Structure formats: C-alpha cells, structure tokens
Amino acid sequence: MPILTKTPPMGWNSWNTFGDNINEELVKGVADAFITHGLKEAGYEYIVIDDCWSEKSRDNNGRLLPDKNKFPSGMKSLSDYIHSKGLKFGIYSCVGTHTCAGFPGSFEHEFIDAVTFAEWGVDYLKYDYCYKPRFVAGEDLYRRMALALRNCGRDIVLSACNWGNDGVQKWIRGSGAHLYRSYGDIHDNWKSIETIMLTQLENACYGGIDCWNDMDMLVVGMGGKGDNEMVTSTGCSDTEYRSHFAIWAMMNSPLMLGCDVRNMTDETKAIITNKDVIAINQDEEGRGPYCIRQWNNLDNVFSLVKPLSGGDYAIAMINISDIKSEMSLQFYDMGLPALSGMGLEFYDCDKHENIGLFVERASIYIEPHECRIFRCKVKPV
Ligand code: GAL
C-alpha cells in the first residue's frame with residue numbers, strides 16, 4: 001500500500017456545523033467552495049460526510065444504503081462530482097453495531113462495507129467507536145477494518161475515532177490506521193480548545209508519518225453558529241480561532257475544517273489559508289513539538305518547538321491565562337547556547353515578516369489566549 005498520509009490530511013467534515021442536517025447539495029456546495037475560496041489551492045483535499053448519511057437499515061444483501069432523501073443521486077455520483085474538482089471523498093462508519101447517531105455500524109460487516117465504499121469511490125473513512133460490543137477489544141476492530149480496506153481494491157485512508165480511549169496511541173499505528181482521534185468531541189469555545197491542547201502535549205511523540213494524532217475537526221470560523229447542538233457553543237474571538245489553528249498545525253493534527261466554508265468571513269479565510277502556518281503542519285519530516293514552559297508562569301505560558309526539515313524551527317508561544325504575559329524562551333533550552341555565536345531569526349507567520357535576530361533568548365509578551373507562531377532560522381550573530 002502506498003503511503004496515503006505523508007503529511008496530516010487537510011479537508012472538511014460535515015459534523016461540527018451541520019450534524020444530521022446534511023444532503024448532496026450541501027456537499028457539492030462545499031466542493032465548489034473549495035475551489036472558489038482557494039481552499040484547494042491552500043492544500044485542503046478531503047470532503048468528509050460524517051454520521052447520519054445512511055438509511056436506518058441495510059438492504060437485503062447486507063449493504064449500506066445512502067438516505068434516499070438526503071442523497072437521492074447516490075454516493076457514486078457524489079464522489080464523481082467531488083473527484084471532478086480534483087478533490088477526495090470521505091465517509092463515516094463505526095466499529096460498533098450502530099453509529100453514534102443510531103445508523104447501521106460496520107461491526108461484522110467490515111468486508112462488505114469496505115468493498116461498498118471502494119465501489120462508491122470513497123478515499124477516506126472516519127471510523128467511530130459507539131455501540132462497540134463491550135467484550136471485543138477496540139484494537140481488534142480497528143485492525144479488522146484496516147485489513148478490509150487494505151484489500152478492497154482502492155486506497156482508502158482510515159481515520160480512527162475512539163476519542164483517546166484504551167491507550168489508543170500505543171497500538172493504533174500497528175493496526176494500519178492513518179490517523180486517530182485522541183480526545184473527546186470539540187465544542188465551539190476556547191475552553192474546549194484549551195482542554196484538548198493540554199491533554200495532548202504529552203502525546204506529541206505518538207504521531208508521525210502515516211499515523212497522525214487527530215485532535216478533532218477545527219471549529220475555526222463557526223462563530224457560535226451551526227445546526228449541531230453537540231458542537232455549537234459560544235464561539236471564539238478571532239484571536240482564539242487563530243491560536244486554535246496555529247496549535248493544531250504545530251501539533252501535526254489533521255486540519256479538517258468544520259465551519260460552513262461556503263459562507264466565511266475574510267478573517268476566517270485568512271486564518272485557514274495562512275500558507276506559513278500550513279507549511280509548518282505539512283512539513284515533510286512530520287516531527288511533533290516539545291514543550292518549554294515559562295519558568296515563572298509554568299501553568300499558563302509555554303512554547304512549542306518543532307524541528308522542521310532544512311534546519312528551521314517552528315516556535316509557537318501560547319498564553320492560556322486571561323492577562324498579557326511574558327514568554328521568555330531561553331535558546332539554551334532548545335540546544336542553542338549563546339557561546340555558539342548563533343542566534344535565531346524570527347519570522348512571524350501571522351504578520352508574514354521578520355521581527356528580528358534574537359540572541360540567547362526571545363522575550364515576547366503574549367495576549368490572553370493568543371498563540372504567536374514563528375518560523376526561525378539559526379544564524380550567526
Ligand atoms: C462522535 C465523534 C464525532 C462525530 C459524532 C457523530 O463519536 O467523536 O466527531 O463523528 O460521533 O455522531
């Protein structure tokens with residue numbers, strides 16, 4: 001099997017904004033928006049239909065059926081449309097007897113479902129964890145679907161979604177899955193973003209090429225709106241959405257958009273198409289970051305440092321407190337002593353300009369809930 005996810009997948013998923021309110025016109029409209037709003041050009045590729053796309057029962061041959069009211073033209077025709085735009089098509093199922101919303105799951109139907117998905121031109125399967133028989137190990141169920149997909153005649157990315165349960169990060173790569181959800185569902189508010197980030201700092205070492213840590217679909221640009229009350233919430237400020245995007249990028253999480261990409265503000269568009277931030281996420285070495293905390297404000301302020309191919313370093317400085325706070329990154333802590341005669345030139349990935357060559361340390365004041373993200377070069381001083 002070729003490497004399907006050399007870098008974290010980028011795309012859109014229907015769940016965060018639309019929940020069960022999905023249909024073929026929406027999905028086609030999203031594909032169109034990928035082209036007209038420059039999302040494809042920025043690297044977004046997968047269009048994924050989440051839960052609630054099927055009929056409540058299988059057909060007489062045990063096959064899944066698309067809901068005939070939501071998807072009257074069928075899934076093959078929809079995937080043809082998506083492929084005609086040069087994009088890829090994703091769908092959703094579950095390791096259990098039912099999906100989380102109560103539609104048929106793939107338990108004991110893995111092989112027939114994999115073949116059905118291949119016939120429909122599916123390129124990506126999100127595979128959830130609801131209604132799992134209690135005494136069957138999730139590990140076995142992901143192995144089984146991975147094996148079925150690897151032998152269905154089509155290259156299909158397997159996106160595992162067991163919310164970080166059962167020590168998934170330790171066994172998922174061996175199953176053959178290409179990404180794995182590492183925490184529960186995101187909500188459209190800052191607290192949720194912060195919680196997911198803090199739980200995953202220690203797991204940065206468990207992601208990498210062809211098996212990425214998926215911190216969940218992005219809420220950037222949702223702005224408190226949407227039909228899915230399991231995700232919609234107060235919304236975030238643009239600063240918070242910018243931080244969310246930068247943090248997911250630094251952590252090598254897939255960048256799966258969750259807002260209504262057909263109707264975005266200019267600021268949302270600017271955040272999600274930021275080439276400098278995306279380049280950090282898509283760096284070919286795929287190394288996860290390490291964390292250096294501010295020595296006198298350990299709980300609130302820290303830097304993430306991620307080595308990039310070609311010798312550069314991505315550095316993100318994050319302040320989760322409610323007051324403007326200093327982050328002084330001592331270069332010694334990242335392997336650069338002052339006596340080396342070298343410093344770091346900081347390029348600001350939001351302002352798209354160099355902000356200076358720093359020696360020994362960079363002391364920067366970070367606004368509340370802000371993440372400043374830089375691409376740094378090691379240079380003689
Ligand atoms: C959850 C999953 C969500 C969404 C939802 C659909 O288990 O984490 O991302 O897929 O199910 O019902």
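None of the values given here were measured: they were computed from a predicted structure. Each ligand, and each atom within it, is numbered from 1 in the order the structure gives. Hydrogens, waters and symmetry mates play no part in the numbers below; they use all other heavy atoms, side chains included.
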What protein heavy atom lies closest to atom 10 (O) of ligand 1? Include the residue and the distance to one decimal.
Asp50 OD1, 2.6 Å

Below 2.5 Å, is that where the SG pair of Cys100 and Cys94 sits?
no

Only heavy atoms of Cys100, strictly under 4.0 Å: list the atoms of ligand 1 that pass.
1 (C), 7 (O), 11 (O), 12 (O)

Checking Thr5 against Asp210: is there a side-chain donor and acceptor pair closer than 3.5 Å?
yes

Find all atoms of ligand 1 within a distance of less than 4.0 Å from any non-hydrogen atom belonging to Cys161, and give their numbers and elements.
2 (C), 8 (O)

Side chains of Ser14 and Asp50 only: does a donor on one sit below 3.5 Å from an acceptor on the other?
no

Check whether any heavy atom of Tyr92 sits under 4.0 Å from an atom of ligand 1.
yes

With atoms numbered from 1 as shown, which atoms in ligand 1 lie under 4.0 angstrom from a non-hydrogen atom of Trp163?
1 (C), 2 (C), 7 (O), 8 (O)

Evaluate the side-chain proximity of Met215 to Ile186: yes if any heavy-atom separation is below 4.5 Å, no if none is.
no

So, applying ring pair (Phe, Tyr, Trp, His ring centres under 6.0 Å) with Trp163, which one of Tyr183, Tyr180, Tyr129 is it?
Tyr129

Tell me which protein heavy atom sits closest to atom 8 (O) of ligand 1, plus the residue, atom name and distance to 0.1 Å.
Asp185 OD1, 2.5 Å

Identify, by atom number and element, the atoms of ligand 1 in contact range of Lys126, meaning under 4.0 Å from any of its heavy atoms.
3 (C), 4 (C), 9 (O), 10 (O)

Checking the N or O distance criterion of under 3.5 Å, is ligand 1 in contact with Asp51?
yes

Applying a strict 4.0 Å limit to heavy atoms, is Arg181 in contact with ligand 1?
yes

Do Asn300 and Asn297 pair up side chain to side chain, a donor and an acceptor below 3.5 Å, judged on atom types alone?
yes

Can you tell me the protein heavy atom closest to atom 11 (O) of ligand 1 and the distance?
Asp128 OD2, 2.9 Å

Within the 3.5 Å criterion, strictly below it, is a donor on Asp113 or Ser106 matched to an acceptor on the partner's side chain?
yes

